[in-house]
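Heads up, the thing below is written out as structure tokens.
In what follows, chains carry the letters A, B, and so on, assigned in the order in which the sequence lines appear, proteins first and then strands, with residues in each chain numbered from 1.
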Amino acid sequence: MSEDRLPLAFYRREALDVARDLLGRLLCRRLPDGTVLRGRLVEVEAYDGPTDRASHAYRGLTRRNAPMFEAGGVAYVYLIYGMHHCVNVVTGDAGHPAAILLRAAESPVAALSASGPGRLTRAFRIDRVLDGVPLTGDVLWVERGQTVADSSVKRTRRIGVGYAGSWARRRYRFLLRDHPSVSGPRNLR
DNA sequence: GGTGCGATTGCA
DNA sequence: GCAATCGCACCA
């Protein structure tokens, strides 16, 4: 337990605000044996609302995306390509599907520096068992860490959502400028 | 009940 | 450039 843990109110805001504010925070994962893994978030992406064509919620509520429709402050974990897990932080009000995909983390512990959503979940041992868990619990949470200045935050279009038409060009990806751990292209607009 | 594919990664 | 690998969304 840490008093540095971000409260529910942090998550129950606009997705883009939460995404921006997640940079520099500490993703924390307690393993079954009690070990706590911590890594600094350096790249995230927002998926916001029922009209976001890149979002899993675009076609409405389904069994998979149900956590996205919950009130902010829970995890949304899914399996992609049959082999990689991706972890999201759900944001906003109940009924408004929105979540932030965690794409990269950095840590002094080499094994916890992970570039890419699939690598991040592998490093932090996050799988679908954690789908829907509250971020106020003792399994998965985010701590205050150190906030980052606007001047070091870069915004680009999201990765791997080219099918989303004009939504693919929205600058919903937030990353630390020039940080070595971010995944994928760094020079997008 | 059958089919197509993905918010990715690693290797040729 | 492309295969891996499977849950599930969607259609019938």
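For the pair A:Tyr163 OH and B:dT8 C1', the interatomic distance rounds to 12 Å; values are reported in whole Å. Atom pair A:Met68:CE and B:dA7:C1' shows a separation of 10 Å (rounding to whole Å applied). Going from atom OH of A:Tyr81 over to atom P of B:dC5 covers 12 Å, rounded to whole Å. Atom CZ of A:Arg170 and atom P of B:dA7 are 18 Å apart (whole Å). With rounding to whole Å, A:Tyr78 atom OH is found 6 Å from B:dT8 atom P. Whole-Å rounding puts the A:Glu45 CD to B:dA7 C1' distance at 6 Å. Here B:dT8 presents its C1' atom at 11 Å from CG of A:Leu79, a figure rounded to the nearest Å. Atom CZ in A:Arg128 sits about 18 Å away from atom P in B:dG6, given to the nearest Å.
Every residue meeting the salt bridge (charged side-chain N to carboxylate O under 4.0 Å, His left out) condition with A:Asp52, not counting sequence neighbours, appears here in chain and number order: A:Arg158. For the side-chain hydrogen bond (donor to acceptor under 3.5 Å, both in side chains) test, no residue two or more places apart in sequence or in another chain qualifies with A:Ser152. Residues meeting the side chain to side chain contact (heavy atoms under 4.5 Å, CB included) test with A:Leu79, sequence neighbours left out: A:His85, A:Arg128. Every side chain to side chain contact (heavy atoms under 4.5 Å, CB included) that A:Arg122 has, sequence neighbours left out, goes to A:Arg119. Applying the side chain to side chain contact (heavy atoms under 4.5 Å, CB included) rule to A:Leu8 yields the partners A:Arg12, A:Thr136; only residues at least two apart in sequence or on another chain are considered.
Contact check for A:Thr121 versus A:Val77: no side-chain heavy atoms found under the 4.5 Å cut-off. Taking 4.5 Å as the limit, every side-chain heavy atom of A:Leu37 sits out of range of all side-chain heavy atoms of A:Cys28. With contacts defined as side-chain heavy-atom distances shorter than 4.5 Å, the pair A:Arg30/A:Val139 does not qualify. Side chains of A:Trp167 and A:Val161 form no contact here, defined as non-hydrogen atoms less than 4.5 Å apart. Contact annotation: the side chain of A:Leu26 never approaches that of A:Leu41 to less than 4.5 Å [non-hydrogen atoms, C-beta and beyond].
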(message) Would A:Thr156 and A:Arg173 count as a side-chain hydrogen bond (donor to acceptor under 3.5 Å, both in side chains) here? Give the steps.
(response) CA-CA 5 Å; A:Thr156 79; A:Arg173 174 173 174 243; 3.0 Å; yes

List the atom pairs, donor and acceptor, that lie under 3.5 Å between side-chain atoms in residues 18-25 of chain A and the rest of the protein, sequence neighbours left out.
residue : atom : partner  : partner atom : Å
A:Arg20 : NE   : A:Asp150 : OD1          : 3.2
A:Arg20 : NH2  : A:Val148 : O            : 2.8
A:Arg20 : NH2  : A:Asp150 : OD1          : 2.7
A:Asp21 : OD2  : A:Arg13  : NH1          : 2.9
A:Asp21 : OD2  : A:Arg13  : NH2          : 3.1
A:Arg25 : NE   : A:Asp21  : O            : 2.8
A:Arg25 : NH1  : A:Arg144 : O            : 2.9

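In this structure, A:His56 has its ring center no closer than 6.0 Å to that of A:Tyr47.
Less than 4.0 Å separates DNA chain B from no heavy atom of any residue of residues 13-27 of chain A. Of the residues in residues 46-65 of chain A, those placing a heavy atom less than 4.0 Å from an atom of DNA chain C are A:Arg59, A:Thr62, A:Arg63, A:Arg64, in numerical order.
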Enumerate the protein-to-nucleotides 10-12 of chain B contacts in which both atoms are nitrogen or oxygen and the separation is below 3.5 Å.
residue : atom : partner  : partner atom : Å
B:dG10  : OP1  : A:Arg122 : NH2          : 3.1
B:dG10  : OP2  : A:Arg119 : NE           : 2.7
B:dG10  : OP2  : A:Arg119 : NH2          : 2.3

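Minimum interatomic distance between A:Val90 and A:Ala71 (heavy atoms only, all atoms of both residues): CG1-O, 4.0 Å.
The backbone N or O of A:Pro117 lies less than 3.5 Å from no partner atom in the side chain of A:Arg103, so there is not a single donor-acceptor pair.
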(request) For DNA chain C, just give me the dot-bracket, please: Watson-Crick or G-U, both distances below 3.5 Å, ( ) intra-strand, [ ] crossing earlier pairs, | paired with another strand, . unpaired. (result) ||||.||||||.

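Close approach of DNA chain C to chain A, defined as any atom under 4.0 Å from a non-hydrogen atom of the protein, starts and stops at C:dA4 to C:dC10.
Sorted by first and then second residue, the salt bridge (Lys or Arg N to Asp or Glu O under 4.0 Å) pairs with a member in residues 55-74 of chain A form an empty list; sequence neighbours excluded.
To the nearest whole angstrom, the two P atoms, one in B:dG2 and one in C:dT5, are 23 Å apart.
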